[in-house]
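Structure, as C-alpha cells:
Counting starts at 1 for both ligands and their atoms, following the listed order.
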Amino acid sequence: MGRPPRLLDKPMFVGHYSDMYEFAVAPAVQSIRRRGVEIGEVSPDSLGSDLELESGDRIIKVNGRVVRDYLDFRFQTAGETELVLEVRKRTGEDWELQIERGEGEDFGLSFEQIVPRQCANECIFCFCNGNPADARPSLFIKDEDVRLSFLYGNYTTLTSISEDEMQRIVEQGLSPQYVSIHATDLAVRAYLLGVDEHRADIAPKLTRLLDAGIEIHAQVVLCPGINDGEILRQTISDLASEYPRITSVAIVPLGLTRYNTDPRLTAVTPDFCRQIIAEVSAIQRDLRQRLGTTFAFLGDEIYLRAGGAVPARTHYGNYPQIEDGIGMVRSFIHEFAALMRRLERRPLDEPGKINGTILTGMLFAPVFRTLIEKMNFRCGTRLNVEGVENNYFGGDVSVAGLLTGGDLVAARARVCGDFAIIPKSTLKSDEEIMLDGMKLGELSQSFGLPVYPMDVKSFSKFLLGQN
Ligand code: SF4
C-alpha cells in the first residue's frame, strides 16, 4: 500500500469543486440578497455629502460593475478619478451620479457590516457544539467567509468556497487568507471536518491561491489522539514545504466546554501539552535553521497549561499569528516591561491610591500576578490579580476573553480596593455587553464599584494618567 493521500498532493480528482458546495453555503440572513451595499454614515463636508448621499442609500453599481459589499466598493473605486455610481436612494428613487474626484479623495462613507457566509462542515470540535443552549444566537453562527478572513484573520476551511469567491480573492488580492488545515492527511482532515474526503480535499484551491500570489496562514486545531504525533509532524512538514507561500501555521489546542461531550474528543491535559512542546520544539529548531523562521507556532495556552514559560520574543518574529492569539502573552509581557520602564523614569505621584482588583482568566492569572506583584513592589501600587473560573462554559475553558458577567459576579467576594479591572476582550467590540448578555453597567452596579474594561494599552494610559 502507498502512503495515504495528503492535502498538498496534486489534485486527486477531476471535476470542479465550485458546483458541489454552493448549495450548502447559506447566507446568514436574508439581507445578503439585497442588491448593492447600504451606506451607514456620511461624514459631513465629504465628497459623499456633496453628492447628497445619505444613510440608508444603497450603492448598486460602480462603473457598470455590481457592488456586493463594501470590499467591492473599495476595490472598484480604488485609483479611479472618474466614476459612475448607480444609487438606490432610501426613498426608492434611482440615481446615476457622474463623478470626478481628486486622486485619493475619500468619499467619507461608512457601510453596513458584511453578513458572513456560513460553513457546510460538521467539525467534531466545532465551538458551536460547546455553547449552552441559551447562549446568544451570534455564538451559533458558523461563519466561513474569505472576506472576514482577509479583513480580520478569521479562519476558513475553503471546503465550501464558491468559484465566484475564489475569483474574487484573486482579482481583488484578498491576501492574506487564513486557512484551517488541521491535517494534511486527507482521511484525518475529513474526519475532523465531518465531511467526506472528496469535500475535504482543497488541494486545487490552495494551489490556485498560492499560484496567484495569495499569502496563506494555516491553522491546526490539535485534538489528542487524532491529529497529533506522526500526523502533526507530517502536516507541519507538508505545510513548511510551501514556505514562504504558506507563511506560518498556528497549532492551537482543542477547547472543550462542559456541553461538548462528543466521545471522539479527548481533553487536552498538562501532560499532553508538555509532550507536544517537546516534540514541536525539536521541529521548530530545525525549521528555524532551514527557513529562518519558527514557522509552526504553538498556542500560548499550550505553554501555560504545561506550567512553563512562553517562548522568548525572538521566537515569534513579527507575530504572524497574533490574531489567533499566538504570542499574545509574550507581547503582553513585552508591553508591560515598557510600562514599568516608563513608571520607573516617571514615578507615580500617589501610587498607594491605585488600589483595586484585576480580574482575568485562570490561565493568565499567574503570569499577570507575577507582573503586578513586581509593579506593586517597585512602584508602590496596591493592585491585586484574581483568576476567575469560567462556570458559564465550564470544561477546560480558562481564557480571559470567554468570561461572562455571571462568572465575574461570582468572584465579587475576592474583589478588594476601590475599583475592578476586567479584560476588555470580555465585551463585544461595539457594545458594552458580555457573552451572557450582562451589561458593563449592571456588573458595576452588582460590584458597587467602578469596573474598567482594559487591555494593556488602556491599562498603561490609566496608570500614566494618574500623574
Ligand atoms: S468550520 Fe468547523 S469549527 Fe468552523 S464553524 Fe464550521 S463546523 Fe464549526
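Interatomic distance, CZ of R245 versus CD1 of I214, reported as 11.5 Å (0.5 Å rounding).
Using modelled atom types, no side-chain atom of S237 and backbone atom of R233 make a donor-acceptor pair closer than 3.5 Å. Under the 3.5 Å distance criterion, the side-chain polar atoms of S175 are matched with a main-chain donor or acceptor of E215.
In the vicinity of N121, heavy-atom distances shorter than 4.0 Å reach the ligand 1 atoms 1 (S), 7 (S).
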- [ ] Please test R34 against E38 for salt bridge (charged side-chain N to carboxylate O under 4.0 Å, His left out), starting from the C-alpha separation and ending with a verdict.
- [x] CA-CA 9 Å; R34 291 170 67 196; E38 184 172 313; 3.6 Å; yes
Open item on the list: Checking E165 against R117 for the salt bridge (charged side-chain N to carboxylate O under 4.0 Å, His left out) test, could you report, in this order, the C-alpha distance in whole Å, the side-chain angles of both residues, the deciding distance, and whether it holds?
Closed with: CA-CA 11 Å; E165 289 173 298; R117 292 172 75 80; 3.1 Å; yes
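Of the protein's non-hydrogen atoms, the one nearest atom 5 (S) of ligand 1 is K142 CB, 3.5 Å. Of the protein's non-hydrogen atoms, C123 SG, 2.2 Å is the one closest to atom 2 (Fe) of ligand 1. Summary of contacts: the protein heavy atom closest to atom 8 (Fe) of ligand 1 is C126 SG, 2.3 Å. Considering only non-hydrogen protein atoms, atom 4 (Fe) of ligand 1 sits nearest to F127 CE2, 4.4 Å.
In C119, the part holding a heavy atom less than 4.0 Å from any atom of ligand 1 is the side chain. The side chain of T157, and not its backbone, has at least one atom closer than 4.0 Å to an atom of ligand 1 (non-hydrogen atoms only; side chain from C-beta on).
When the options R74, R147, R58 are evaluated for a salt bridge (Lys or Arg N to Asp or Glu O under 4.0 Å) with D69, the one that passes is R147.
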